[in-house]
Amino acid sequence: MEHNARVEPAPDGGAARFGEEAWQKLVSFSEMLSAEGELRGLVGPRELERLWTRHILNSTAVCEFLPDSGLVADVGSGAGFPGIVLAIVRPDLRFDLIETMERRTDWLDHVKQELDLANVRVIRSRAEDMPKRYAADVVTARAVAALKKLIPWTLPLLKPGGHLAALKGQRAEQEIQDAHSQLMKFNAQRADVYDVDVWGSDEGTRVLLVEKMK
Ligand SMILES: C[S@@+](CC[C@H](N)C(=O)[O-])C[C@H]1O[C@@H](n2cnc3c(N)ncnc32)[C@H](O)[C@@H]1O
């Protein structure tokens, strides 16, 4: 596949970091996004210039908050961040990508087929409309909504003792304060912010981790 000149090149050393198979799939995912992402209205042209650092590698920051085994639900996956990236890096975990827009679930299904991601299920739904019995070990979310909205959407999707890991920016602490009553109402045990280094990028990121009561 021909590379778009504006697309940020992949960093060196990815195969050593993520394993050969996962790295090949991450590169293929970047190529699919470069070729089709703009046309399909999934990523803006400026975003292709920072596809690796701002999006693909940024998504990997959630890895250290994933469970040893079980089910991860990525709410509002959009073009596949962080859900597709995490599913590639952790083929031993099951991933449900819960996304409300058909255009985006069509894309996510296409990526699942092309990259042969047997651990991925694409679910077209709003997070808040998922069945009551749904129970994930971890829910992930990036750029979906402020925490006070995310809590009612995502804590009901978690098993007791499960975690919401949301990629957030500088206002993460303020978001926790603003979500105080939702955190109490939906049985959050604690909410903390972690500064995380992102491999291959100079830009770190922040993960807001909410634990649901056991
Ligand atoms: C700004 S995009 C972010 C996409 C991706 N997470 C990322 O970081 O690039 C937000 C996505 O969340 C989806 N979304 C918004 N509200 C949702 C909900 N209640 N349940 C599931 N998906 C939702 C939108 O359709 C959109 O694809």
Side-chain angles (χ1 to χ4, degrees), residues 42-43 47 54-56 58-67 70-87 90 93-105 107-108 120-196 198 203-214:
L42 295 159
V43 285
E47 297 313 307
R54 191 61 70 80
H55 300 286
I56 297 175
N58 176 270
S59 294
T60 67
V62 185
C63 282
E64 62 188 85
F65 303 96
L66 294 179
L71 176 65
V72 179
D74 183 43
V75 165
S77 303
F81 305 116
I84 289 284
V85 173
L86 297 175
R90 288 293 304 274
L93 294 176
R94 289 177 293 128
F95 285 84
D96 283 347
L97 311 185
I98 301 170
E99 167 57 58
T100 179
M101 273 188 65
E102 187 172 19
R103 191 158 48 88
R104 295 185 174 149
T105 53
W107 163 255
L108 295 167
V120 166
R121 201 162 60 141
V122 179
I123 299 174
R124 183 167 172 229
S125 173
R126 297 193 307 173
E128 57 272 40
D129 295 338
M130 290 293 285
K132 293 256 180 296
R133 63 182 181 282
Y134 190 84
D137 296 279
V138 167
V139 173
T140 59
R142 191 186 85 149
V144 177
L147 189 66
K148 68 178 174 195
K149 262 195 183 173
L150 265 188
I151 291 294
W153 292 354
T154 58
L155 280 236
L157 302 180
L158 284 169
K159 286 178 181 167
H163 291 84
L164 164 67
L167 279 156
K168 287 286 180 187
Q170 292 309 318
R171 288 191 74 256
E173 282 90 356
Q174 184 63 46
E175 287 200 31
I176 291 176
Q177 284 186 24
D178 294 346
H180 181 74
S181 57
Q182 288 82 4
L183 287 163
M184 302 285 277
K185 183 172 170 195
F186 287 89
N187 294 330
Q189 169 97 3
R190 53 184 297 151
D192 299 295
V193 180
Y194 293 84
D195 288 303
V196 182
V198 176
E203 283 177 43
T205 192
R206 309 190 90 203
V207 174
L208 200 166
L209 196 70
V210 179
E211 182 180 348
K212 184 172 173 174
M213 245 174 236
K214 290 202 174 73

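FYI, side chains are in, hydrogens and waters are out, and symmetry mates aren't considered; it's all heavy atoms of this structure.
The residue from Leu147, Leu208, Leu157 that alone fulfils the side chain to side chain contact (heavy atoms under 4.5 Å, CB included) condition with Leu164 is Leu147. Applying salt bridge (Lys or Arg N to Asp or Glu O under 4.0 Å) to Asp137 and the options Lys159, Arg90, Arg94 leaves one that passes, Lys159.
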Quiz item: Run the side-chain contact (heavy atoms from CB on, under 4.5 Å) check on Val196 and Leu167 step by step: do they pass?
Solution: CA-CA 10 Å; Val196 182; Leu167 279 156; over 6 Å; no

Self-check item: Test side-chain contact (heavy atoms from CB on, under 4.5 Å) applied to Val210 and Leu183, step by step
Solution: CA-CA 9 Å; Val210 179; Leu183 287 163; 3.9 Å; yes

Practice problem: Kindly indicate, with the supporting measurements, whether the criterion side-chain contact (heavy atoms from CB on, under 4.5 Å) is fulfilled by Glu175 and Leu150. | Solution: CA-CA 10 Å; Glu175 287 200 31; Leu150 265 188; over 6 Å; no

Practice problem: Show your working on side-chain contact (heavy atoms from CB on, under 4.5 Å) between Val138 and Phe65 and close with a plain yes or no. | Solution: CA-CA 8 Å; Val138 167; Phe65 303 96; 5.9 Å; no

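Side-chain atoms of Arg142 and Asn58, non-hydrogen and from C-beta on, do get closer than 4.5 Å to each other. Put simply, the side chain of Ile56 reaches to within 4.5 Å of the side chain of Phe81, judged on heavy atoms. The side-chain heavy atoms of Val62 and Val85, taken from C-beta on, include no pair separated by under 4.5 Å. Between Leu93 and Pro67 the shortest side-chain heavy-atom distance falls below 4.5 Å.
Annotation for Trp107 and Gly78: closest pair CD1-O, 4.2 Å, computed over non-hydrogen atoms. Closest approach of Val144 to Val75, counting heavy atoms only: CG2-O, 3.3 Å. Scanning all heavy atoms of the two residues, the minimum distance from Ile98 to Arg126 falls at CG2-C, 4.4 Å. A pairwise comparison of heavy atoms in Leu86 and Ser59 identifies CD2-O, 3.5 Å as the closest pair. Nearest heavy atoms, Phe95 versus Gly83: CD2-O, 4.2 Å. Residues Arg124 and Thr100 share a closest heavy-atom pair of NE-O, 3.1 Å.
Between atom CD of residue Glu173 and atom NZ of residue Lys168 there is a gap of 12.0 Å, rounded to the nearest 0.5 Å. Summarising the geometry, atom CG belonging to Asn187 is positioned 13.0 Å from atom CD belonging to Gln182; distances are rounded to the nearest 0.5 Å. Residue Met101 holds its CE atom at 8.5 Å from CG of Leu42, rounded to the nearest 0.5 Å. To the nearest 0.5 Å, atom OG1 of residue Thr105 and atom CG of residue Leu97 are 10.0 Å apart. Atom-to-atom distance recorded for Lys212:NZ and Ile151:CD1 is 10.5 Å, nearest 0.5 angstrom. To the nearest 0.5 angstrom, Gln189 atom CD is 9.0 Å from His163 atom NE2.
Taking the charged nitrogens against the carboxylate oxygens, Arg54 and Glu47 have no contact shorter than 4.0 Å, which rules out a salt bridge.
In the displayed structure, Arg206 atom CZ is contacted under 6.0 Å by more than 12 heavy atoms of other residues, nucleotides or ligands.
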